[in-house]
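Got a structure here, written out as structure tokens. Questions coming.
The basis for the numbers below is simple: all heavy atoms, side chains too, and nothing from hydrogens, waters or symmetry mates.
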Amino acid sequence: MGGYKLLLERYLNVEVLMVLLVFLSSFAFYSMMFMRSPLITGIDGPYYLIQVRGLLEGGTLPYGDPPFAFYLFALFALILGDVTAGVKFGVSLFCSLSVVPMYLLVKRASGESYGGYLATVLLAFSASFVRMLSDFMKNAVGVFFLISFFYLMHRLAFDGWSLRRFSLAVASLILTGLTHILDLGVALLYLAVYSIVILALNVNRREYAKASGLMGLSVAMFITATALYSPFLFSDYNKILSFFEDLSSVGGEQPTIPVFIPHPRGPRLPMSWLMLALILLAGFLTSIYEWKRRLKESFAQSIVMTIIGASLGFPLIPIMWLWRFMLMEFIPSAVILSHGLTEFRRLLKGESLPAAVTAVGCLSIFIIQSVNVAASVRPTISYPAYLDLVDMKGEIPQNSVVIAPMWIKYWVEFVDGVDVARKPTVDLWSSYSHVLVLFDKDRPPPFVRGLRVLFIGRRLALAELQERRPPG
């Protein structure tokens, strides 16, 4: 039996096979979620179709946004011959690939493949990650580069200076910034917190100080260059200023503190306060245990991820920001829980059944939640409504603007190639020859007087506002 095991280990790398299994399982899971409908999912889904089509047809992005993910999607769209298929495949592929740097990070930090395996499953089958990749696709693609950056910085800290390793870390950070502003923000938060912890632990202090200093200089040069030379693509930097302005206004005339309490008018948070508190408590207790056992590598990741998790879920953050920040909690959660479960297994010293039961229970909760989220993911319009948009395209006059709800805005732009407004204003008639209204044919708008019906379809109707002023 031992000979067969040695033969297997020699010719088949078990670690590679395990990670490959999680990669393929998650890729199949994401792909099946997208294949349930021929349409793209989420409110922002058709936005990506608009961007990719703009690249393929004109070489430019209609909307200013960090461009790297759109170029990836455009490449896959060219290969597959379809924009929607290209976006779906690209998101599924890069989100599944995120398990590779996560495995490398946790295996190295925890010292065991066991922890790495747990981390890959906790990441790939996180409900928040599934929710993100079904709508905020660019944000989800950036997770691959973000975790790669975490891993390379950890190697720089504990293996010492290496020009190759440093160059890869810089490349990962820049690709993170070229993909999504929130991913870049989390990367910079990690760099700051991790650097403080490593310098406090006196781990290769001189070499790491050099690496982190050069890394800070690199990101400063990147932000300056993109802000000066590509302000259209990187206008998201303004969101950083907006965040701090909103944060400083907490406690003013309209405080946003009551996010602890059930909030009937606010969005449902991606993670409950109880679950977040339990995960952060697990991170804190794991960090103490690793500190007492002088496990510097494990301690560094556990305490840093606990701090990042607490920062992303800080309850005084305004609710409109807090929702997006908490959507990123799946990354620190995967690291914290995999470290905690690994240390629990070590603590039991060979009594594998309780450790296995605990791990299976934790993984089962994550997988069940992710399956429930995936089952609820769908496009914002039905397929009959999509066909209505296709059919009405020929009825839309030149130089028109369509008044439509936010949830269908990008679909109208993508299918009909027309500008969209959220409500009728006097200015619209000075800019467009025709002001049209799109609505559910069974629920006409309150200002039906003065409408000239242009199209009635299976689900949607299109009409023109005849009056040159907003109704009422």
Ion pair check, E207 and K210, cut-off under 4.0 Å
no
Can you check whether V22 reaches Y117 side chain to side chain, under 4.5 Å on heavy atoms?
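No, every pair of side-chain atoms sits at 4.5 Å or beyond.
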Is atom CG of L233 surrounded by more than 12 heavy atoms (other residues, nucleotides or ligands) closer than 6.0 Å?
yes
Quick check: closest heavy atoms across L133 and M33, and the distance to 0.1 Å?
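Minimum heavy-atom separation between L133 and M33: CD1-CE, 3.4 Å.
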So among L188, T306, I303, I307, which one has a side chain to side chain contact (heavy atoms under 4.5 Å, CB included) with V193?
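Of all the options given, the one that passes is I307.
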Pairwise distance CE(M305) to OG1(T286) - rounded to 0.5 angstrom
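Interatomic distance, M305 CE to T286 OG1, rounded to 0.5 Å: 13.5 Å.
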Nearest heavy-atom pair of L122 and F366: which atoms, and what distance?
O-CD2, 3.6 Å
Within-4.5 Å side-chain heavy-atom neighbours: S98 and L123
yes
Between the side chain of K296 and the main-chain N/O of V203, is any donor-acceptor distance below 3.5 Å?
no
Check A404 against V412 and note the closest heavy-atom contact, atom names and distance.
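What the structure gives for the nearest pair is CB-CG2, 4.4 Å.
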Using side-chain heavy atoms (C-beta onward) and a distance below 4.5 Å, is M215 in contact with V170?
yes
What are the two closest non-hydrogen atoms of I317 and L322, and how far apart are they?
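So the minimum-distance heavy-atom pair works out to CG2-N, 3.7 Å.
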Answer yes or no: are there more than 12 heavy-atom neighbours, outside W321 itself, under 6.0 Å from its atom CH2?
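It does: W321 CH2 has more than 12 such atoms within range.
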Look at the side chain of K107 and the backbone N and O of S113, then say whether any donor-acceptor pair between them is shorter than 3.5 Å.
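Judged by distance alone, no pair lies under 3.5 Å.
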Just by distance, no angles: are the side chains of Y383 and S37 close enough, under 3.5 Å, to form a donor-acceptor pair?
no
Between Y30 and A124 (side chain of the first, backbone of the second, donor and acceptor by atom type, cut-off under 3.5 Å), is there such a pair?
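It does hold such a pair.
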Student check: side-chain heavy atoms of Y208 and M153 closer than 4.5 Å:
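They are in side-chain contact.
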S298 side chain to A109 backbone, donor-acceptor under 3.5 Å
yes
Check for a donor-acceptor pair, side chain of S134 on one end and backbone N or O of R131 on the other, with a separation under 3.5 Å.
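Looks like yes, one N/O pair under 3.5 Å.
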Can you see which heavy atom on S110 is nearest to which on T342, and at what distance?
CB-CG2, 4.3 Å
Tell me, with the steps shown, if I198 and F158 meet side chain to side chain contact (heavy atoms under 4.5 Å, CB included).
CA-CA 9 Å; I198 293 300; F158 286 92; 3.7 Å; yes
Rounded to the nearest 0.5 angstrom, the OG1-CG distance for T176 and L182 is 11.5 Å
As an exercise, state the distance from CG of N139 to CG of L327, rounded to the nearest 0.5 Å.
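CG of L327 is found 7.0 Å from CG of N139.
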Is there side-chain contact between T84 and L39, with heavy atoms separated by less than 4.5 Å?
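The answer is no; the side chains never approach within 4.5 Å.
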Please report whether the ring centroid of F414 lies less than 6.0 Å from that of Y410.
no
What is the ring orientation for F136 with W323, classed by angle as parallel under 30°, tilted 30 to 60°, or perpendicular over 60°?
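Ring orientation of F136 relative to W323: perpendicular.
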Any chance you could lay out the side chain to side chain contact (heavy atoms under 4.5 Å, CB included) test for F222 and L178, step after step, and finish with the verdict?
CA-CA 10 Å; F222 167 75; L178 287 172; 3.9 Å; yes
Could you check whether any side-chain heavy atom of F29 comes within less than 4.5 Å of a side-chain heavy atom of S370, counting everything from C-beta outward?
yes
Nearest heavy-atom contact between V121 and I367 is CG1-CD1, 4.3 Å
What orientation do F144 and F94 show, parallel under 30°, tilted 30 to 60°, or perpendicular over 60°?
perpendicular
Counting only heavy atoms not in F284, do more than 12 fall under 6.0 Å of its CZ?
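No - once you tally the heavy atoms of other residues, nucleotides and ligands closer than 6.0 Å, there are 12 at most.
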Students often mix this up, so state it plainly: with edges at 30° and 60°, are the rings of F73 and F70 parallel, tilted or perpendicular?
perpendicular
Answer yes or no: is there a donor N or O on one side and an acceptor on the other, between the side chain of R378 and the main chain of R36, under 3.5 Å?
no
Could you give me the CA-CA distance, side-chain angles and deciding distance for I381 and W407, then say whether side chain to side chain contact (heavy atoms under 4.5 Å, CB included) is met?
CA-CA 8 Å; I381 62 171; W407 56 270; 3.4 Å; yes
Using only atom types and a distance under 3.5 Å, with no angle test, would you say the side chain of K138 pairs donor to acceptor with the backbone of P67?
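Between the backbone of P67 and the side chain of K138 there is no qualifying donor-acceptor contact (under 3.5 Å).
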How far apart are the C-alpha atoms of V186 and F150, what are their side-chain angles, what is the distance that settles it, and do they pass the side chain to side chain contact (heavy atoms under 4.5 Å, CB included) test?
CA-CA 10 Å; V186 175; F150 292 170; 4.2 Å; yes
Roughly how far apart are F34 CZ and S92 OG, rounded to 0.5 Å?
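So the gap between those two atoms works out to 5.0 Å.
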Under 4.5 Å between any side-chain heavy atoms of F129 and V143, yes or no?
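Yes - at least one pair of side-chain heavy atoms lies under 4.5 Å apart.
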Parallel, tilted or perpendicular: which fits the ring planes of F89 and F76, with parallel below 30° and perpendicular above 60°?
perpendicular
Any donor and acceptor pair, going by atom type alone, linking the side chain of T179 with main-chain N or O of L175 inside 3.5 Å?
yes
Any donor-acceptor pair under 3.5 Å linking the side chain of T120 with the backbone of V99?
no
Would you say the side chains of E290 and H339 form a donor-acceptor pair under 3.5 Å?
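Side chains of E290 and H339: pair found under 3.5 Å.
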Quick one, Q369 and M275 - any side-chain contact, counting heavy atoms below 4.5 Å?
yes
Determine yes or no for a side-chain-to-main-chain donor-acceptor pair under 3.5 angstrom, with Y48 supplying the side chain and M137 the backbone.
yes
Aromatic ring pairing F27/F23, orientation class (parallel under 30°, perpendicular over 60°, tilted between):
parallel
Measuring from I279:CD1 to L337:CG, what's the distance to the nearest 0.5 Å?
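Interatomic distance, I279 CD1 to L337 CG, rounded to 0.5 Å: 5.0 Å.
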Which value, rounded to the nearest 0.5 Å, describes the distance between D159 atom CG and R108 atom CZ?
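Answer rounded to 0.5 Å: 4.0 Å.
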